[in-house]
Amino acid sequence: MTSAVETVRPEKPGAETGPVSPPAKGIPFYRRTNHRLISVLAVALFLILWEVSGRVGIVSPFFVSSPSGVVTAGIEYFQSGLVWTDMKISGLEFVIGYVLAVVVGIPLGLAMGWYKTLHAALSPFVDFLFSTPRVAFLPLLIVWMGVGIAPKVALVFIMAVLPLLMSVISGVKTVDKTLLSVGKLFGASQLTVFRTIVLPGSVPSIIAGLRVAVGTGLIGMVVGELYASSEGLGYRIVEAGQLFQTDRLFVAAIIVAIAGVLLSGALARLEKRLSAWRS
Amino acid sequence: MSNTLQIRNVQVEYPVADAKLFKAVEDVSLDIAEGEFVCLVGTSGCGKSTLLNVLAGLLQHTSGSITLGGESLKGQPSNRRAMVFQSAALLPWRRAIDNVSYGLEVQGVDRKVARARAQEMINLVGLSGHEQKFPGQLSGGMQQRVNLARALVTNPDLLLLDEPFAALDAQTRRLMQEELVRIWQERPHTSVLVTHQISEAVFLADKVAVLTRGPARVKEIVEIDLPRPRDPSVFRDPKFRAYEERIWDLVVAEGVAI
């Protein structure tokens, strides 16, 4: 096992495959290099092309900005201090909405997966909401809750809770039936079967659902601020767009993207820890 | 004996589409003495696995009676019975030893005691050194050893085995049959095993019950008069071949579905 880890994760990609290594005959360079290095190079190439295409006038930086423009705008955004209020308000909307989605989604999903009657009663609503473009409910949420933080939190919640619910329900439903018989045969109560077989068996689906919910929740957060708002990262995106400040637009969008990547990565690590048995 | 399993006129029907009932077991009567090993053979789909699931308490019989030591076995499964499944059916997130102790945990046995007994069973089935592995890290044969250990750890009055080696390759299967004989002779349990392989039935059993083509009835009970303790040398015993041929003839006479 340790050897497998060593071969798939060389810590420093450049260390062994430096540019001075003698070219091995007949093996193309992309087979001799590791894949992480190729990813880094691809991103670097993209950034260079982006910058150069603006400077030589292939496309107008007015529309697509440029990496250097985005960096400059980013520095201004941070120095103005505006970034902190935006991140605070957006973060608050996301965290409250997401936590509510988790608190509701996991128990309700487990219950709907386990109790057929409850599933029959609620699945029409869940299926309907799952299939609807849920951001369409934003105007309704504003009618109900006003223009403060509440409708944004609500939008994050309904954006995040549905994929989580669907994932948890299917996790419970797809637990191997033979495993359930094992519990039953040893005389385990329904509760014990649930606790010792259904719950651990659903963990991978629960975490997969949590990861999807991060993405959809962030959509809810941004879209919630596109409308009837005066601050937040989503609002900053609209504002920059209306003023044709594409570099500022990119800064806010990148901050949201980084948040998504970090959260998703944290959940991936949690999944790795909780499913060591999947080797 | 105190723990004789008596199966009397058992009939099993279950509902299928169109509110019809499917009769899987017609009328089975069978006596299994304490510590006896009985194999059920019969053509595919004859209802032998259904019968085993009824004995396990996973299915209900519609009429007749099943008693173990005079006590009815109708109703919910109980810790008097244990089953070895065809697919190992191990909990993939539990290490080998925690899979073995599962039944004891469910039955509320003290954790330390459960661990010690599980370790003992791990040793018995020849898995010492592998107790900390997850099922995904074990070969098919090793998984079936865990499966067997998990069933034996609760020291059941009735051990049920549903084609436990059917998914293994021929060599592993033969080795596991020899292992099962060794383990069973060390810890004799009243056992019922369902199999398609006649040599397996003859090798393992004290009695082979040949079932009719479904719905199942007992066509004939063949007493296997081979020496105990048994070892692989019986495969070369002329009597072994004769039993095999006789049972094969009985099964084929029912018509084998191809």
Side-chain angles (χ1 to χ4, degrees), chain A residues 1-8 106 109-110 113-114 116 167-168 170-210 267-279, chain B residues 49 52-59 73 75-96 98-109 114 132-138 143 146-147 150-156 158-164 167:
Chain A
M1 219 190 122
T2 44
S3 68
V5 170
E6 277 160 19
T7 50
V8 289
I106 293 179
L110 291 171
W114 191 234
K116 290 190 171 62
S167 191
V168 177
S170 86
V172 174
K173 281 183 173 286
T174 53
V175 168
D176 186 350
K177 297 286 173 290
T178 324
L179 297 186
L180 300 180
S181 313
V182 170
K184 215 175 146 193
L185 261 170
F186 282 116
S189 64
Q190 286 282 91
L191 185 67
T192 307
V193 169
F194 184 81
R195 185 176 56 79
T196 60
I197 298 171
V198 176
L199 201 54
S202 309
V203 164
S205 305
I206 292 174
I207 294 181
L210 287 173
L267 286 167
R269 274 200 297 283
L270 178 69
E271 179 174 31
K272 224 174 176 182
R273 271 188 53 187
L274 288 179
S275 47
W277 49 273
R278 287 182 150 193
S279 44
Chain B
S49 286
L52 202 72
N53 280 322
V54 168
L55 292 176
L58 292 173
L59 278 175
L73 278 189
Q76 287 298 302
S78 67
N79 54 19
R80 298 188 66 193
R81 291 164 279 183
M83 180 130 140
V84 179
F85 293 86
Q86 179 177 349
S87 67
L90 302 175
L91 304 179
W93 51 86
R94 283 180 169 239
R95 294 174 192 277
D98 300 322
N99 263 290
V100 174
S101 64
Y102 179 74
L104 296 173
E105 267 175 54
V106 165
Q107 289 160 18
V109 174
Q132 294 302 324
K133 290 189 177 161
F134 289 106
Q137 299 168 313
L138 299 173
Q143 290 183 16
V146 177
N147 191 1
R150 174 177 64 186
L152 289 173
V153 78
T154 56
N155 198 20
L158 178 60
L159 179 65
L160 304 162
L161 305 101
D162 186 11
E163 303 195 46

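Chain identifiers are assigned alphabetically (A, B, ...) following the order of the sequence lines, protein sequences preceding nucleic acid strands; residue numbering begins at 1 within each chain. Heavy-atom basis, side chains included; hydrogens, waters and symmetry copies ignored.
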With distance as the sole test, does [X] use its side chain to make a donor-acceptor pair with the main-chain N or O of [Y] at under 3.5 Å?
X      : Y      : answer
A:S202 : A:S205 : no
B:Q143 : B:L138 : yes
B:N99  : B:L91  : yes
B:R81  : B:L159 : no
B:D162 : B:F85  : no

Distance-minimising heavy-atom pair for A:W277 and A:P204: CZ2-CG, 4.2 Å
Derivation and outcome, ring-ring contact (aromatic ring centres under 6.0 Å, His included), residues B:W93 and B:F134: CA-CA 7 Å; B:W93 51 86; B:F134 289 106; over 10 Å; no
Residue-level contacts of residues 176-183 of chain A with chain B, using a heavy-atom cutoff under 4.5 Å: A:T178, A:L179, A:S181, A:V182, A:G183
Option in B:Q107, B:M83, B:R150, B:Q86 with maximal non-hydrogen atom pairs under 4.5 Å from chain A: B:R150
Option in B:P92, B:S87, B:A89, B:P135 with maximal non-hydrogen atom pairs under 4.5 Å from chain A: B:P92
Side chain, backbone, both or neither of B:L90 within contact of chain A (heavy atoms, under 4.5 Å): backbone
